[in-house]
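Below is one structure, written out as structure tokens, with a few remarks after it.
The sequence lines fix the lettering, A, B, ..., with proteins before strands; numbering per chain opens at 1.
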Amino acid sequence: MKRLCVTLATLLAATAASAGCGGSDGPAGGGPRTGGALTLAQTSNPDFLDPAKGYTVEASAAHWLIYPGLLTYRHEEGAEGSKLIPAAAEDLPEVSRDGRTHTFRLRKGLTYADGTPARAADFERAIQRALTLQWGGLAFFSVIEGVDEYVKRGKPGADIRGITSDDRTGEIVIELTAPDGRLGNILAFPAAGLVPADTPLEDLSRRPPPGLGAYRFGAIEPNRRYELVRNPHFALPGIPKGNADRITVKLMKSSQRQVQDVIRGRLDWILDEPPADLLSEVRTRYGDRYEENTANSTYFQFFNVETAPFDDARVRAAVNYALDKRALVRIFGGLLEPDCNFLPPGMVGYERIDPCPYGDPAQPPDVERARGLIRAAGSEGAPVTVWGTDEERSQRVTEYYTDVLNEIGLRAKPRIVGAETYYAAIGNVETRPQTGFLAWFQDFPHPANFFFLVAGESVQDVDSVNPGRVSDPDVNRRYEALKREPAEQNAAEWAALDRLVIAPEKALVAAYGHTKDTTFVSERMNLEDCTVYHPVYRDDWSQFCLK
Amino acid sequence: MATELIDRAPAGPGGLPGEEAAGVLLAPAAPRSALRRLAGSRSALGAAALLALLVLAALAAPLWADHVAGTTPYANHITDRVEVGGKARDVVSPDGVPIGPTWRGRFFLGADVNGRDIMVRLLYGGRNSLMIGVAAALLTALLAVATALVAGYFRGWVDGVLARGLDVIWAYPVILLGVALGTAFAVGGVRLGPVELAGDSKAIPVLVIAVVYVPYMARPLRGTVLALREREFVAAARAQGAGAVRVMWSEILPNLLPGIVVLLPLMVANAILLEAALSYLGAGVRPPEPSWGTMIDDGVARIVTAEHLAIAPGLMLVLTVAALNVLGDRVRDALDPHAGAGT
């Protein structure tokens with residue numbers, strides 16, 4: 001069999017260079033095939049390969065498969081993929097009546113990729129590492145009792161009061177500072193993925209620790225490539241064991257070259273969307289191996305509700321009436337799902353707001369009505385500075401948006417600054433930004449992870465993610481009550497909050513849509529059966545397979 | 001007026017005199033004969049005519065915008081449709097590809113991704129690029145002459161301080177220094193005593209370009225001043241009781257003018273190029289204000305599907321800089337009696 005494979009590979013070399021020959025156990029009539037090697041590409045480096053530090057999309061795509069925690073997400077598309085399932089835990093937690101104590105039990109007989117047996121105490125180590133190494137989402141763990149104290153004390157490896165474990169019984173008890181419906185999502189971050197309790201409290205990006213997932217890190221060449229290979233000890237039910245034997249991820253700066261390499265079969269998949277120049281060609285000529293999926297993201301213009309003219313809801317509503325979502329779709333090169341909702345379609349609680357109070361997103365805007373509202377508010381000629389970054393989409397949107405504001409009677413000019421300084425600038429109260437560009441991609445699939453952007457709790461004087469300083473009593477009250485419970489329990493209430501935030505009498509933001517992620521694969525990849533667009537981690541590498 | 005012969009200074013960036021150019025001094029022909037030589041040069045006349053055409057076109061930008069294109073350089077027409085060859089076409093297609101040249105009044109050279117008329121932006125961009133180039137070159141000349149006069153005339157510690165200051169600026173690559181200053185000023189603006197410039201002011205690229213190019217003009221001029229201050233006519237003026245300012249103004253400065261006249265077109269060309277580079281890198285003219293640099297930046301990402309976006313401003317830039325360089329060379333030849341007449 002092996003000889004036959006080599007012969008076939010030689011014959012097909014011109015069209016399928018480096019095609020893997022490991023797969024022999026796939027179904028003869030199509031469907032997922034296991035085995036083989038895949039080559040993927042990313043434009044940017046993962047920030048860190050150590051799960052206790054990695055936070056970017058580039059890092060989490062691999063970490064998700066390598067470092068499952070007590071809980072993880074179903075490897076499914078759409079709303080199913082947002083559902084939490086037990087991973088290293090035997091089951092979902094038992095929750096005390098007051099909602100503050102969550103008790104897990106570790107599965108028996110689990111072994112890490114290096115053969116080390118898993119113990120209940122490993123969970124606390126994972127959290128200690130994330131806190132000590134200052135993981136980007138560290139603040140999420142503050143819901144656990146004793147975490148803030150651990151951070152303040154600055155003593156690596158100290159006990160975290162809210163986490164107790166018993167290696168003998170496998171019991172892990174987590175005490176919260178207050179009931180919080182986001183806990184399951186927080187525990188599903190790869191940063192909370194289990195690692196052996198003796199893992200050093202230092203950045204191990206060059207030699208990442210073993211995990212319990214279907215894959216482990218193989219060879220790593222910093223800034224060039226890294227590999228994922230099968231974990232021979234993988235034994236978590238309900239999680240795919242992975243189709244490919246080996247996944248090599250290359251780091252390539254040129255997105256043009258990435259696309260050309262996918263076309264020629266030198267790469268099997270690319271993380272980033274094809275550049276604007278090649279997108280049309282990819283769509284039309286290679287449509288059979290290209291897909292678009294709406295990401296759990298939201299794009300909107302923020303309004304500073306404390307500063308004129310946007311302290312008047314009529315002015316904010318006027319902007320919403322005047323924005324032409326068809327124009328914004330074009331600016332995004334077609335990679336925008338125009339929408340009225342603040343919540344994205346893949347999120348629990350999403351109910352398409354139809355009819356949209358500002359008109360059909362597919363129809364021209366009501367500019368006359370917008371002008372009338374500006375006049376009624378006495379804001380004609382009001383000076384407005386529109387903030388945006390110098391990144392392609394942001395700059396284009398900012399320039400368009402400025403033109404719209406001028407068209408409805410305001411006196412706007414754009415302020416384009418480097419992306420590296422933008423968020424610090426608009427998040428500083430001293431800057432007093434009036435309005436500007438914002439985009440948000442979920443940290444986890446819970447509506448609270450979107451609505452905190454317009455909740456009073458996120459108003460800060462520096463580094464604020466709520467630069468509009470929105471603190472509406474109605475919104476705050478509902479948000480504070482809802483965020484304490486798992487999202488699924490209150491889907492209808494979250495949908496109502498979504499309608500409230502964009503309603504003309506509030507118009508707290510001008511939301512215009514959700515971006516689309518692209519999937520572009522090589523000819524030898526099986527797009528139909530083996531690409532699962534996950535709502536949190538995008539394309540699921542573990543389900544990629546060859547034809 | 002004393003006359004000395006200029007030697008050919010080794011080139012710095014963009015053909016400007018280099019570091020070893022100290023001591024250059026131009027010995028001009030009489031102005032009338034220089035003008036005659038210039039008028040006899042076909043290449044000089046061609047370059048001057050091309051420059052005049054470009055300047056006129058830039059000045060006529062509002063006329064084209066109002067009466068032909070019917071738009072402004074800032075107006076977005078993303079969802080508009082325009083008739084081309086009897087068919088209505090999207091100005092920007094649903095997947096974001098802008099229309100190419102229609103060769104008619106509206107969107108004569110096509111549109112950009114925001115549906116803005118490229119021809120209108122090209123003309124307004126030309127105004128900005130030329131204005132910034134000329135203003136920056138004049139400011140460079142002003143600062144360079146003042147520095148050269150003071151440093152070269154007083155010598156000693158004054159020269160030491162000023163020359164080291166020029167060395168510091170010289171030590172940085174022009175683009176890097178320009179980007180650093182341009183980016184810093186774009187965020188916070190500039191406050192120089194009572195003068196306050198907003199972050200999006202076009203005076204900021206003028207200031208940045210002028211500052212980074214001062215050493216390239218000041219160093220050769222300083223060498224000339226050092227040589228001139230030892231000449232008999234300067235000694236005679238001092239013996240007659242003329243003060244330092246009067247000697248610099250009346251005796252030395254007139255002898256620097258021919259050199260400045262030669263350097264100025266080259267300086268304008270380099271300033272326009274640097275403005276384009278800074279704008280391309282996001283540190284020059286601030287959007288949505290057009291300049292040829294920002295327009296090239298807008299077009300590069302779509303060079304395959306909408307090549308007109310980068311080619312049109314790029315061509316204007318090349319024509320302008322080439323014309324200025326040719327004109328600069330011919331002016332130098334005309335002022336230098338030892339050089340052959342340009343053709």
Side-chain angles (χ1 to χ4, degrees), chain A residues 255-256 259 274-284 292 324-336 338 362-365 385-407 412-422 424-425 431, chain B residues 71-81 90-99 111-116 121 179-180 182-189 198-201 278-290 294-295 297-307 309-310:
Chain A
S255 50
Q256 267 91 354
V259 171
D277 229 10
L278 297 173
L279 192 55
S280 294
E281 186 189 355
V282 169
R283 277 190 183 124
T284 52
E292 291 174 3
D324 188 344
K325 296 184 174 75
R326 301 168 309 154
L328 290 157
V329 170
R330 285 161 162 82
I331 287 174
F332 278 68
L335 293 177
L336 180 80
Q363 296 299 320
T385 300
V386 180
W387 287 75
T389 80
D390 57 1
E391 288 171 333
E392 168 80 7
R393 278 181 185 165
S394 171
Q395 183 172 327
R396 299 275 150 260
V397 169
T398 304
E399 292 182 29
Y400 162 71
Y401 177 58
T402 305
D403 194 39
V404 168
L405 297 188
N406 286 321
E407 204 181 340
K413 62 176 187 174
R415 184 83 186 270
I416 307 286
V417 298
E420 63 284 359
T421 53
Y422 179 70
T431 310
Chain B
T71 185
T72 72
Y74 316 111
N76 288 233
H77 301 279
I78 304 175
T79 52
D80 285 10
R81 289 170 73 80
D90 288 323
V91 172
V92 179
S93 75
D95 59 356
V97 179
I99 194 171
D112 68 7
V113 181
N114 278 60
R116 294 174 296 203
R121 285 181 68 76
V179 167
T183 307
F185 293 158
V187 176
D200 57 356
S201 167
L278 293 180
S279 298
Y280 178 80
L281 295 168
V285 173
R286 311 306 299 173
E289 200 63 51
T294 57
M295 292 180 71
D297 180 32
D298 289 345
V300 162
R302 287 175 173 77
I303 196 72
V304 176
T305 48
E307 63 280 1
L309 294 180

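Counting only distance, with no hydrogens or angles, the side chain of Asp403(A) and the backbone of Asn76(B) share a donor-acceptor pair below 3.5 Å.
When every heavy atom of Ser93(B) is checked against every heavy atom of Arg330(A), the shortest pair comes out as O-CG, 3.3 Å. The minimum heavy-atom distance linking Pro287(B) with Ile416(A) is given by the pair CG-CG1, 3.8 Å.
With chain B as partner, the option from Val404(A), Asp324(A), Val417(A) having the largest number of non-hydrogen pairs under 4.5 angstrom is Asp324(A). Highest contact tally toward chain A, considering only Asp297(B), Val113(B), Ile303(B), Asp90(B), is held by Ile303(B) [criterion: heavy-atom pairs under 4.5 Å].
Thr79(B) is not listed as a side-chain neighbour of Lys325(A), based on a closest heavy-atom distance of 4.5 Å or more. Side-chain contact between Pro414(A) and Pro288(B) is present, with heavy atoms from C-beta onward closer than 4.5 Å.
For Thr305(B), the side-chain hydrogen bond (donor to acceptor under 3.5 Å, both in side chains) partners two or more places apart in sequence, or in a different chain, are Asp277(A). Asp112(B) pairs by the salt bridge (charged side-chain N to carboxylate O under 4.0 Å, His left out) definition with Arg116(B), Arg121(B), not counting sequence neighbours.
Contact annotation for Thr72(B): neither backbone nor side-chain heavy atoms come within less than 4.5 Å of a heavy atom of chain A. With a 4.5 Å cut-off on non-hydrogen atoms, Glu281(A) does not touch chain B at all. In this structure, no portion of Glu407(A) lies under 4.5 Å from any heavy atom of chain B. For Val97(B), the part lying near chain A is the side chain, with the backbone staying farther off; criterion is any non-hydrogen pair under 4.5 Å.
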Intermediate values then yes/no, side chain to side chain contact (heavy atoms under 4.5 Å, CB included), Leu279(A) and Asp95(B): CA-CA 8 Å; Leu279(A) 192 55; Asp95(B) 59 356; over 6 Å; no
Test side chain to side chain contact (heavy atoms under 4.5 Å, CB included) applied to Val92(B) and Arg326(A), step by step: CA-CA 11 Å; Val92(B) 179; Arg326(A) 301 168 309 154; over 6 Å; no
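Salt-bridge annotation for Arg286(B) and Asp390(A): absent, with no side-chain N of the basic residue lying under 4.0 Å from a carboxylate O of the acidic one.
Around OH of Tyr74(B), the count of heavy atoms belonging to other residues, nucleotides or ligands within 6.0 Å exceeds 12.
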